[in-house]
Each structure stands twice: as C-alpha cells, then as structure tokens.
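Written below as structure tokens is the structure these notes are about.
In listed order, ligands and their atoms are each counted from 1.
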Amino acid sequence: MNTDDLTAGRIRLRQLQAVDDVVPATMTANIGCSAALVALLLDHGPGVLIGWFVLIAIMSGWRLTAALRVRQAVPMTASTRAIRRSIIQAGVMAVFFTSVPAWLLTQTSGVAYAIVVCFITGLLWAGGLVLSAISRAAAVYITLTVAITICGILVDGMTPYHLFLAFLFIVGGGTALRSAVRTSHTFVAAQLQQIAMERQSDVIGVLLKDYEEQASDWLWETDGELHYRNVSDRFVEALGRPHSEIEGIAFGALCVDESSADNAQMRRAIREQAEQRRTFRDLVIAFKIDGERCWWSFSGRPTYDEAGRFLGYRGVCSDVSTAKRAELRLEHLAHHDALTDLPNRMLFSRLLSQALEPQSASQLALLSLDLDGFKAVNDRHGHPIGDLLLVEVSQRLRSCLCAADHAARFGGDEFIVLHYGATSIAAIETLATCIIETLKAPFHIDGIEASIGVSIGIALGPQDGNTAEMLLKNVDAALYRAKADGRGLFRFFSAEMDGKLQDRRRIIQDLRLAIARNEFVLHYQPFVDSQSETVTGCEALLRWQHPERGLIQPGEFITLAEESGLIVEIGDWVLREACREAATWPSDLRVSVNVSALQFGRGRLPRTILSALAETGLLPSRLEIEVTEAVLIDDATAALDLLRQIRALGVRVALDDFGTGYSSLSYLRSFPFDKIKIDKSFVNDLAVRQDTQLIVRAIRDIAQGLGMSITAEGVETAEQADHLRGTGCQELQGYLYARPQPADELPFIAPGEPLALTA
Ligand code: C2E
Ligand code: MG
Ligand code: MG
C-alpha cells in the first residue's frame with residue numbers, strides 16, 4: 001500500500017470513527033424521541049406505531065453494537081467498502097426513521113401534525129449532522145428523509161399549505177446537505193493535516209532515537225525550573241557520574257570546574273541565556289572528567305505548550321574536545337617556535353607591547369642574543385645537531401631567567417629575553433654575564449662536543465624606547481655593537497648607536513640594488529716581480545660607484561655585504577668580471593681576486609670559479625684567489641676541502657693579510673697555499689722595528705720550507721722594497737709601483753705601453 005492509499009484509508013477510518021463516536025448518544029436519543037412520539041400519537045395507528053418503535057429499537061441496538069465492535073478492533077485503516085456500507089446504513093436509517101412519521105402526516109392534523117413535522121425536522125438535522133463526516137452518507141440520508149417526508153405531505157393534501165411545507169423541507173434539506181458537505185470537507189482537510197503532523201513527528205522520533213544511539217552527541221532537556229530531566233544513559237555515561245546525580249540537577253550546576261574562571265563565566269553565560277528564554281548555539285564549556293580536561297558544546301532552545309507556557313529547554317550537547325585540543329595546539333604553534341617551544345617573534349612582540357603599556361609601569365630590560373660560532377657547528381655536524389644545540393641553548397637560557405621573564409627565539413640563532421623589574425644596571429649586567437658564561441660551557445650532543453659563545457645587546461624600557469618596535473630596533477643596534485667589539489660581550493644601547501645603525505641599514509638597502517644598477521667597478525693594482533720589477537699580475541679590488549655618495553672603498557661596505565649575505569652575489573660578480581678583464585691581458589699576467597669567508601659557506605665556490613673560467617676562457621693558472629685566515633676559523637675542515645677543490649682546478653690560492661689575524665702557523669701547515677701575502681702593517685714597521693724584520697724572515701723561512709712564495713703588500717717606499725727584496729720576497733705590491741686603478745688606465749694594457757713598470 002502506497003502512502004496515498006494509506007492516507008486515504010486512515011481518513012476513511014477517522015470518518016467512520018467520527019460517526020461512530022456519536023452513535024451511542026444518537027441512538028439513545030432516537031429511541032427516546034421515538035418512544036415519546038409513539039406514546040403521544042398511539043391513537044392514530046397503534047399497530048403501525050408499536051411495530052415501528054420495535055424496529056427502531058432493534059435497528060438502533062444493532063447500530064450501537066456495530067459501532068462498539070469497530071471501536072474494540074482499533075483498525076489502522078478503513079476500506080471503501082466500509083464507507084459504502086455506512087452510506088447504505090444511512091439510507092436504510094432514513095427510510096426506517098422517516099417512513100412512519102411521514103405516514104403520520106397523512107393521519108394527523110393540528111398539534112399532532114405539527115409535532116410530527118418537528119420530529120421529522122429534528123431527524124433531518126440531527127442525522128445530517130451526525131453523518132456530516134461522510135458527506136455521501138449525509139447526502140443519501142438527507143435526500144431520502146426529505147423525499148419521504150414530501151411524499152407524506154403531498155399524499156395528505158395538495159393545498160398551498162402542503163406545497164409550502166414541502167418547499168420548506170426542500171430548502172431545509174438543501175441547507176442541511178450543503179452544511180454537511182462543507183463540514184465533511186473541513187473534517188477531511190483537518191484529518192489530512194493531522195496525519196501529516198503525526199507522520200512528521202514519527203520521522204523526528206526515529207531520527208532522534210537514531211541520533212542518540214549513534215552520534216557522539218547527546219540530547220538533553222530541562223523542566224520549567226531549569227533542572228535536568230529525562231537524562232539519557234549515554235549522557236550520564238559520558239559524564240562518568242551516576243544517573244541519580246544528574247537527574248534533577250540545576251542547569252548551571254553541571255560541568256563545573258571550580259579551578260577555572262572561564263568555566264564559571266561560560267556557565268553563567270548559558271544560564272543567562274536560559275533565564276531570558278533565548279535560543280543558544282554552540283556555547284563551549286571547559287571542565288574536567290576524571291581529571292582530564294574536556295570541552296562540551298551546548299545548544300538549546302526553550303519549549304512551550306500550546307498555551308504558550310514555558311516548559312523548559314531542549315537541546316544537544318557534543319564533546320568537542322578533540323577539535324578544541326587541535327585548535328589550541330594550532331594556536332600554540334602559531335605563537336611558538338616549533339623547535340624550542342619558546343614564544344616566537346609575534347607573541348614576543350605582543351608581550352613586549354603589553355609590558356610597555358603605561359599602566360604596566362615596569363622597568364624592563366630587553367636582551368638580544370646572537371650566538372657566536374653556531375654556524376660552524378651547524379655546517380660541520382649538520383642541521384640535526386644544530387637543532388639539538390638550539391634546544392639545549394633555550395634550556396640553558398631559561399635556567400638563567402626569573403619565572404616572570406620571557407625568552408623567545410626569533411629564528412636562526414637569534415634569541416631575545418624580556419626581563420621584568422630591571423632594578424639596577426648591575427642586576428642586568430649580572431644576568432647578561434650569567435647568560436654568556438652559561439652558554440660558553442661546552443655542549444655535549446649525541447657524543448659530539450661543541451663550543452659556542454654569545455654576544456648580547458641590551459636596551460632598557462621605557463627609556464630606550466617606549467614602543468616594542470623602537471626597543472627592538474635599539475636592542476639590535478646594541479647587539480651590533482657587541483658583535484663589532486668582539487665576541488662573547490654585552491653592550492647597552494646608547495643614542496649614538498641609533499644613527500650608525502640607520503646609516504648601516506640604508507647602505508644595505510642600496511647594496512641590494514647596486515648589482516642590478518651596475519654600480520660596482522673593479523680597480524686593479526699590479527704586483528711586480530721583486531727582482532725585475534716587471535708586472536706579474538694584478539689584484540682586483542672592488543669599488544662601489546654610489547649615485548649620491550660617489551666612489552666608495554671596500555672598507556666601508558664589504559663588512560655590511562658580508563653581514564647581509566649579499567657578499568655571495570657580489571663575489572660572484574667580481575670573479576666573473578675579473579676573469580673577463582684578465583682574459584684580455586697578455587697571457588703571462590695573472591689576476592688575483594679577494595674571496596670572503598662567507599662565500600665558502602654554501603660550498604658552491606669551486607663551481608662558480610669553474611663557470612667564470614669557462615665563460616671567459618681564462619686559463620685557471622692565471623687566476624689566483626686571496627683568502628684570509630677567517631675562512632679557516634669557523635669551519636676549517638669544510639673550508640680546506642673547498643680550497644683543495646679549487647686548487648685541483650689549477651687555480652692558485654693565496655693567504656691574504658698574513659700577520660694581522662691569528663697568524664697561526666698551523667694554518668700554513670694545513671693547506672699548501674701557493675703564496676702568502678704579508679700584511680702592509682708589517683711592511684710599514686719593517687724599517688722601524690727589529691722584531692718585525694725577524695718575523696718577516698721567519699715567515700720567509702717557513703714559506704720556503706713549505707714551497708710557498710711571498711708577496712709583500714703596502715710597499716710605499718724604495719727602502720721597504722729593498723729590504724723586502726733582500727729578505728727574499730718574490731713579489732711586491734704597493735703605491736710605490738701603482739695605486740689601484742680602472743682597467744683601462746693600466747699602463748701595461750694601454751696600446752703601445754711597455755709591460756715593465758718601474759718606480
Ligand atoms: P686587501 O685584499 O688586503 O687589499 C689591499 C688593500 O691595501 C687595498 O685596499 C689596497 O688599495 C690597499 N693598498 C695597496 N697598496 C697600498 C699601499 O702602498 N699603502 C696603503 N696604505 N694601502 C695600500 P682596498 O682596495 O681599500 O681594499 C681593502 C680590502 O677590501 C682588501 O684588502 C680586501 O680585503 C677587501 N676587498 C677589496 N675588494 C674585494 C673583493 O672584491 N672581495 C672581497 N671579499 N674583499 C675585497
Ligand atoms: Mg687582497
Ligand atoms: Mg691584504
């Protein structure tokens with residue numbers, strides 16, 4: 001049976017039930033009224049009337065028992081046959097009930113006649129009304145009743161009175177019929193609506209049951225007093241408490257966590273919504289179940305009865321702990337450094353801004369830390385060890401701080417500390433010294449011993465800056481000074497640093513654009529054979545043709561290029577340009593190029609050199625690179641490996657500025673340099689200091705022993721030249737012979753000029 005058939009069947013059943021519902025009262029009224037009529041008019045035909053009454057009583061009794069039988073059966077639907085049966089019954093009733101009264105119309109007059117007319121009218125309307133749920137039954141009943149009555153009237157006579165009375169019955173019957181049909185339609189429509197609602201509530205019931213059983217959510221409800229009622233087993237199970245404890249508990253008394261202010265606030269919020277009879281959605285409460293923190297989300301809406309009286313709340317509740325934990329974890333990650341779990345720059349800046357707010361009114365010190373030698377550890381032992389080292393550093397750093405202080409990692413090997421309640425400079429100095437000493441101690445990671453240091457810049461708040469931005473900028477300047485002054489130091493910010501820092505920033509900004517704008521130029525300074533004083537090659541020296549500042553010497557920008565990492569790109573350009581230029585020179589001239597220690601960092605220097613040679617066609621033997629001891633300080637193993645690769649290409653390697661740095665003889669032993677360049681400071685002192693002469697001689701002896709040649713730079717006087725020549729230096733370089741100059745001004749390159757260059 002499809003839904004439409006089912007609905008039709010249910011409607012038919014309700015039509016029959018509506019009729020049957022009034023059958024007891026109607027049948028009793030029938031018997032009573034018929035008995036009264038028979039008693040009153042018995043004289044007009046006792047046999048007919050008593051027989052009729054007996055029939056009426058039997059029929060009414062039968063109808064009554066039929067109605068009761070249907071009621072006991074409680075069927076779901078009724079067939080069309082049952083309706084047809086009820087129509088036939090209505091017809092039979094009309095005939096039985098009306099035929100004798102209609103006959104009485106022909107037998108009576110006066111009051112008796114009027115009583116009969118009233119009786120039939122009552123039958124007509126009462127029957128019509130009773131049967132109005134089934135329009136066709138009502139129609140059959142009314143039509144037959146009117147027809148039989150009119151027959152009785154017209155048989156009695158055809159006077160205008162009779163005709164008028166017949167007419168009244170036709171009108172009355174029509175009206176009764178119309179109202180019965182309308183009532184029937186209203187009844188069917190109401191039943192259809194009722195069935196639809198019942199079906200909907202059935203569906204909702206099934207869904208809710210399903211939801212309760214399968215979902216991770218629970219349904220809850222309260223009474224009008226906002227006490228939990230009808231709590232489900234799953235709900236109490238999830239709470240881990242007995243049913244009796246939950247049933248009847250006040251709405252705000254569940255999910256309590258006394259230790260949390262948030263919990264009280266959220267419970268209050270939900271209670272307020274409920275007290276104002278508002279619908280609420282996804283209000284999350286954090287509390288603990290068996291000591292474990294969890295989050296439940298509540299949604300609910302008020303319910304009312306038909307009269308609009310508040311019945312309570314009904315809603316759903318779901319455990320959103322997993323999502324909440326993930327959300328908190330994400331939030332933590334967004335504000336913390338994944339490696340060390342220290343606050344990151346974003347969170348630290350916020351903390352700093354809060355600490356600087358006027359109402360905080362606290363003295364604070366900002367310490368910016370930069371690890372010395374971290375890069376070397378990272379390069380030598382790999383990133384995993386470097387990462388572990390940073391974790392260890394963060395732990396040692398924490399051990400130096402007070403509970404209220406904050407340490408953060410700004411990425412790489414940059415750490416920062418916010419120290420509250422900075423009472424005296426001495427106390428801050430103690431803190432900085434503690435950090436330096438703590439980080440100085442060797443680290444033991446995975447069987448490796450590594451030593452690093454730290455440089456610290458310090459700025460005080462609010463005097464060195466009343467905004468986070470300004471304080472961070474100034475602490476940066478102090479750190480820069482600490483690093484410039486040597487390693488393992490701390491420096492306080494002073495106003496004069498700010499100007500220098502700004503200058504430095506501007507230069508770095510300009511440097512970034514310099515390559516693209518073609519602002520770099522190379523000047524060349526020849527070096528000569530000490531005996532013949534003929535040019536053997538030239539050193540390429542970088543100059544920056546700044547659009548506003550004019551020609552800038554390398555001393556003013558090389559360090560900044562190194563600090564900003566731009567030296568790698570600039571160094572590549574120098575190499576290519578020097579090779580390109582030297583390729584145009586006579587084939588017995590070399591070019592030497594200065595290479596910064598930072599260019600060794602990425603391990604791609606040999607490849608850059610090879611491609612510069614390949615591009616320009618310069619023979620490798622005509623290229624010389626000059627490195628300083630700094631290359632070997634940070635990570636000697638890796639640097640030596642690269643130097644060997646470079647030498648394997650056939651390129652010469654010179655050790656520049658020997659005598660200024662560590663001047664470690666072990667460096668000379670560790671790599672077979674082709675030449676050593678004695679620094680100009682030695683050359684300067686030669687004439688005046690005896691010990692310098694001894695040192696230069698000692699260097700010469702070592703170099704000779706190791707098969708290296710010696711070049712002296714910064715030769716300004718003939719006396720110095722003579723001395724150096726006498727000591728055994730193979731090459732000389734200095735203003736005595738030539739200053740650094742643009743390639744097109746080099747005399748030995750200009751057409752027709754002699755190659756030899758003498759002072
Ligand atoms: P350096 O490699 O030791 O170069 C020698 C420096 O001494 C040059 O200074 C040169 O002009 C100067 N000099 C030469 N003869 C004399 C002299 O007789 N008396 C005096 N007082 N000075 C003399 P410059 O050109 O200013 O270069 C300074 C430093 O900048 C260089 O020292 C080198 O370390 C660095 N540099 C220059 N060009 C480059 C480059 O392309 N890359 C890298 N990484 N560093 C470079
Ligand atoms: Mg040099
Ligand atoms: Mg030098």
Side-chain angles (χ1 to χ4, degrees), residues 511 514-515 519-528 535 537-545 551-582 590-601 605 608-609 612 623-631 639 652-661 663 673-687 699 710-721 723-724 729 731-743 745-746 757 759:
L511 265 180
I515 293 188
E519 289 172 2
F520 289 118
V521 280
L522 287 183
H523 283 190
Y524 296 90
Q525 187 182 31
F527 35 84
V528 299
V535 176
C538 288
E539 178 176 6
L541 292 160
L542 185 61
R543 303 288 181 265
W544 180 11
Q545 188 64 56
L551 197 69
I552 307 181
Q553 299 299 313
E556 289 179 53
F557 66 87
I558 289 288
T559 315
L560 291 179
E562 287 177 336
E563 281 172 10
S564 58
L566 290 167
I567 191 67
V568 178
E569 206 184 333
I570 296 172
D572 284 4
W573 179 84
V574 171
L575 255 167
R576 265 172 238 283
E577 179 60 20
C579 291
R580 196 189 57 73
E581 179 58 39
R590 280 179 279 127
V591 66
S592 80
V593 175
N594 293 286
V595 173
S596 159
L598 263 120
Q599 288 174 263
F600 280 75
L605 187 60
T608 311
I609 292 175
L623 176 65
E624 192 168 69
I625 64 156
E626 296 188 11
V627 297
T628 61
E629 286 167 307
V631 167
R652 288 161 57 90
V653 180
L655 184 62
D656 203 356
D657 300 345
F658 192 79
T660 52
S663 304
F673 290 101
D674 293 287
K675 100 182 182 190
I676 299 172
K677 288 186 87 173
I678 299 180
D679 191 65
K680 53 182 172 289
S681 57
F682 271 88
V683 176
N684 240 338
D685 290 351
L686 266 180
I699 296 172
I710 295 183
T711 299
E713 60 181 16
V715 183
E716 290 181 352
T717 64
E719 196 189 350
Q720 287 168 345
H723 197 101
L724 289 160
C729 280
E731 280 173 344
L732 304 173
Q733 182 184 10
Y735 294 169
L736 175 65
Y737 302 101
R739 288 184 174 258
Q741 51 206 293
E745 289 174 23
L746 287 171
L757 197 87

(message) Quick check on contacts: which atoms of ligand 1 are under 4.0 angstrom from a heavy atom of Gly734?
(response) 15 (N), 18 (O)

(request) Counting heavy atoms only, name the option from Leu575, Leu736, Asn594, Val715 that's nearest to atom 42 (N) of ligand 1. (result) Asn594

(request) Would you please classify the geometry between the Phe557 ring and the Phe520 ring as parallel, tilted or perpendicular, with 30° and 60° separating the classes? (result) tilted

(request) Go through ligand 1 atom by atom and flag the ones less than 4.0 Å from a non-hydrogen atom of Pro740. (result) 11 (O)

(message) With respect to Leu542, determine whether any N or O atom, backbone or side chain, lies less than 3.5 Å from an N or O atom of ligand 1.
(response) yes

(request) Check Ser596 against ligand 1 and report side chain, backbone, both or neither, counting heavy atoms closer than 4.0 Å. (result) both

(message) For the CD atom of Gln741 and the SG atom of Cys538, what is their distance to the nearest 0.5 Å?
(response) 8.0 Å

(request) Indicate the atoms forming the closest heavy-atom contact of Leu598 with Val568, along with that distance. (result) O-CG2, 4.1 Å

(message) Below a 4.0 angstrom heavy-atom separation, can you tell me which part of Gln733, side chain or backbone, both or neither, approaches ligand 1?
(response) neither

(message) Here's a test for you: under salt bridge (charged side-chain N to carboxylate O under 4.0 Å, His left out), which of Glu626, Glu731, Glu539 qualifies with Arg590?
(response) Glu731

(request) Could you find the nearest protein heavy atom to atom 12 (C) of ligand 1 and give me its residue, atom name and distance? (result) Lys680 NZ, 4.0 Å

(request) List the atom of Ala578, the atom of Tyr524, and the distance in Å for their closest heavy-atom pair. (result) CA-OH, 3.8 Å

(request) Would you give the angle at the Mg ion (ligand 2) between Glu626 atom OE1 and Asn594 atom OD1, to the nearest 10°? (result) 90°

(request) Using a 4.0 Å heavy-atom threshold (strictly under), name the region of Lys677 that reaches ligand 1: side chain, backbone, both or neither. (result) neither

(request) Working to the nearest 0.5 Å, report the span between CD of Gln733 and NZ of Lys680. (result) 9.0 Å

(message) Donor-acceptor pair, distance only, cut-off 3.5 Å: does the side chain of Glu745 make one with the backbone of Pro742?
(response) no

(message) Measuring from atom CD1 of Ile558 to atom CD1 of Ile552, what distance do you get when rounded to the nearest 0.5 angstrom?
(response) 11.5 Å

(message) To 10 degrees, how wide is the angle OD1 (Asp657) to the Mg ion (ligand 3) to OD1 (Asp656)?
(response) 90°

(message) Quick one about Arg739 and Gln525 (side-chain donor to acceptor, distance below 3.5 Å, no hydrogens or angles considered), yes or no?
(response) no

(message) So does Glu716 get a backbone contact from the side chain of Gln720, meaning a donor-acceptor N/O pair under 3.5 Å?
(response) yes

(request) List the atom of Glu713, the atom of Asp656, and the distance in Å for their closest heavy-atom pair. (result) OE1-OD1, 3.4 Å

(request) Do me a favour and list the nearest non-hydrogen protein atom to atom 3 (O) of ligand 1 with residue, atom name and distance? (result) Asp657 OD1, 2.9 Å

(message) Working to the nearest 0.5 angstrom, can you tell me the gap between Trp544 CH2 and Leu551 CG?
(response) 11.5 Å

(message) When you measure from atom 9 (O) of ligand 1 to the protein, is at least one non-hydrogen atom found at a distance under 4.0 Å?
(response) no

(request) Quick one: pull up CG in Leu732 and CZ in Phe527 and give me the separation to the nearest 0.5 Å. (result) 11.5 Å

(request) Taking the Mg ion (ligand 2) as the reference point, name the nearest N/O/S atom of Glu539. (result) OE2

(request) Give the numbers and elements of all ligand 1 atoms closer than 4.0 Å to a heavy atom of Glu713. (result) 3 (O)

(request) Give a yes or no on whether atom 32 (O) of ligand 1 lies under 4.0 Å from any heavy atom of the protein. (result) no

(request) Check the pair Val574 / Asn594 against side chain to side chain contact (heavy atoms under 4.5 Å, CB included), numbers first and verdict last. (result) CA-CA 9 Å; Val574 171; Asn594 293 286; over 6 Å; no

(message) As a check for students: among Glu716, Arg543, Glu556, identify the option with a heavy atom nearest to atom 19 (N) of ligand 1.
(response) Glu716

(request) Starting from atom 15 (N) of ligand 1, find the nearest protein heavy-atom neighbour and note its residue, name and distance. (result) Gln525 NE2, 2.9 Å

(message) If we only consider heavy atoms of Gly571, is any one of them less than 4.0 Å away from an atom in ligand 1?
(response) no

(message) Is there a polar contact, in the sense of an N or O pair closer than 3.5 Å, between Tyr735 and ligand 1?
(response) yes

(message) Return the closest protein heavy atom for atom 35 (C) of ligand 1 as residue, atom name and distance.
(response) Pro554 CB, 4.3 Å

(request) Have a look at Ile678 and tell me which of Thr711, Ile710, Asp657, Val715 forms a side chain to side chain contact (heavy atoms under 4.5 Å, CB included) with it. (result) Ile710

(message) Between Glu713 and the Mg ion (ligand 3), is there a contact where an N/O/S atom of the residue lies under 2.8 Å from the metal?
(response) yes

(request) State plainly whether the residues Glu624 and Lys677 are in salt-bridge range, i.e. N to O under 4.0 Å. (result) no

(message) Would Glu539 count as a contact residue for ligand 1, given that I'm defining contact as a non-hydrogen atom of the residue lying under 4.0 Å from a ligand atom?
(response) yes

(message) Looking at ligand 1, is there an atom of it that comes within less than 4.0 Å of some heavy atom belonging to Gly555?
(response) no

(message) Give me the nearest non-hydrogen protein atom to atom 1 (P) of ligand 1 as residue plus atom name, then the distance to 0.1 Å.
(response) Asp656 OD2, 3.8 Å

(message) At under 4.0 Å between heavy atoms, is it the side chain or the backbone of Asp679 that contacts ligand 1, or both, or neither?
(response) neither

(message) With heavy-atom distances below 4.0 Å as the criterion, list the atoms of ligand 1 near Val574.
(response) 41 (O)

(message) Within the structure, is a non-hydrogen atom of Arg739 found at a distance of less than 4.0 Å from ligand 1?
(response) no

